[in-house]
Amino acid sequence: SSNSAPQEPRPDASPQPRQHGAKNFENFEGVRHNSAGPNWQCQWCSCAYAESGGRSPGPEGSGTLCGPCGSRYRAGHMGPPLRDSNGKNVCDGCSQAFPSVKGLGKHRVSCW
């Protein structure tokens with residue numbers, strides 16, 4: 001003889017809709033859009049959204065820096081990298097120049 005009562009069916013445990021920030025949403029096909037606008041630029045390196053690899057928080061608030069500059073900010077830097085006379089980003093450690101902040105960031109991992 002078993003003392004266990006029959007279990008009631010569990011209420012629907014379907015996942016809740018994902019919440020997105022005010023600037024992002026998904027359309028019905030699940031494609032992610034960004035309403036940053038065509039004129040958005042990183043506050044540090046001035047790259048456009050299409051070149052940025054996403055937007056990151058910076059000292060001026062959410063979504064003000066590009067991905068690579070956001071990584072610099074999280075690492076403790078308080079401004080964009082130094083640039084040489086040709087406009088390339090210069091490494092603080094060895095003075096090697098790079099055309100992009102992303103390239104500089106990859107280099108710094110092995111430089112320091």
Side-chain angles (χ1 to χ4, degrees):
S1 132
S2 173
N3 290 348
S4 63
Q7 294 184 353
E8 291 185 29
R10 294 181 63 192
D12 183 23
S14 60
Q16 296 295 318
R18 290 179 22 174
Q19 299 294 319
H20 297 283
K23 300 285 184 184
N24 297 314
F25 66 94
E26 290 186 13
N27 68 14
F28 294 110
E29 289 82 32
V31 177
R32 191 171 179 91
H33 292 277
N34 187 293
S35 60
N39 298 326
W40 181 88
Q41 288 187 329
C42 173
Q43 288 187 347
W44 283 5
C45 72
S46 301
C47 72
Y49 180 77
E51 325 170 292
S52 70
R55 297 186 308 160
S56 294
E60 300 298 319
S62 178
T64 56
L65 300 178
C66 67
C69 287
S71 294
R72 281 182 58 82
Y73 177 66
R74 286 188 300 277
H77 296 275
M78 293 308 295
L82 299 173
R83 292 187 180 228
D84 65 9
S85 60
N86 296 324
K88 293 188 176 186
N89 301 291
V90 179
C91 175
D92 298 336
C94 69
S95 300
Q96 187 174 345
F98 295 88
S100 69
V101 176
K102 186 175 183 178
L104 173 63
K106 287 182 178 182
H107 162 76
R108 290 189 52 163
V109 172
S110 62
C111 181
W112 292 37

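Residues take their numbers from the sequence shown, with the count starting at 1. Bear in mind that the values here come from a model prediction, so they are computed numbers and not experimental data. Computed from heavy atoms alone, side chains included, the values below leave out hydrogens, waters and symmetry copies.
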Exercise for the section: Report the distance from atom CD of E51 to atom OG of S100, rounding to the nearest 0.5 Å. Expected result: 10.0 Å
Practice task
Considering non-hydrogen atoms only, spot the tightest contact between N89 and L104 and give its length.
Solution key: CB-CD2, 4.0 Å
Practice task
Measure the spacing between SG of C66 and CZ of R55 and express it to the nearest 0.5 Å.
Solution key: 12.0 Å
Problem - Side-chain (W44) to main-chain (Y73) donor-acceptor, under 3.5 angstrom - result: no
Handout entry: P81 side chain reached by V101 side chain, heavy atoms, under 4.5 Å
Key = yes
Exercise for the section: Check whether any side-chain heavy atom of W40 lies under 4.5 Å from a side-chain heavy atom of C42, and answer yes or no. Expected result: yes
Exercise for the section: Would you name the heavy atoms of S56 and G67 that are closest together and state the gap between them? Expected result: OG-CA, 3.6 Å
Exercise for the section: Would you check if the side chain of N86 reaches a backbone N or O of K88 as a donor-acceptor pair within less than 3.5 Å? Expected result: no
Exercise for the section: Quick one: pull up CZ in R74 and SG in C69 and give me the separation to the nearest 0.5 Å. Expected result: 10.5 Å
Problem - Residue pair L65 / G58: nearest heavy atoms and the distance that separates them - result: CD1-CA, 3.5 Å
Completion exercise
Here the gap from C45 atom SG to R72 atom CZ, rounded to the nearest 0.5 Å, amounts to 10.0 Å
Exercise for the section: On the 0 to 90° scale, with breaks at 30° and 60°, tag the F98-H107 ring pair as parallel, tilted or perpendicular. Expected result: tilted
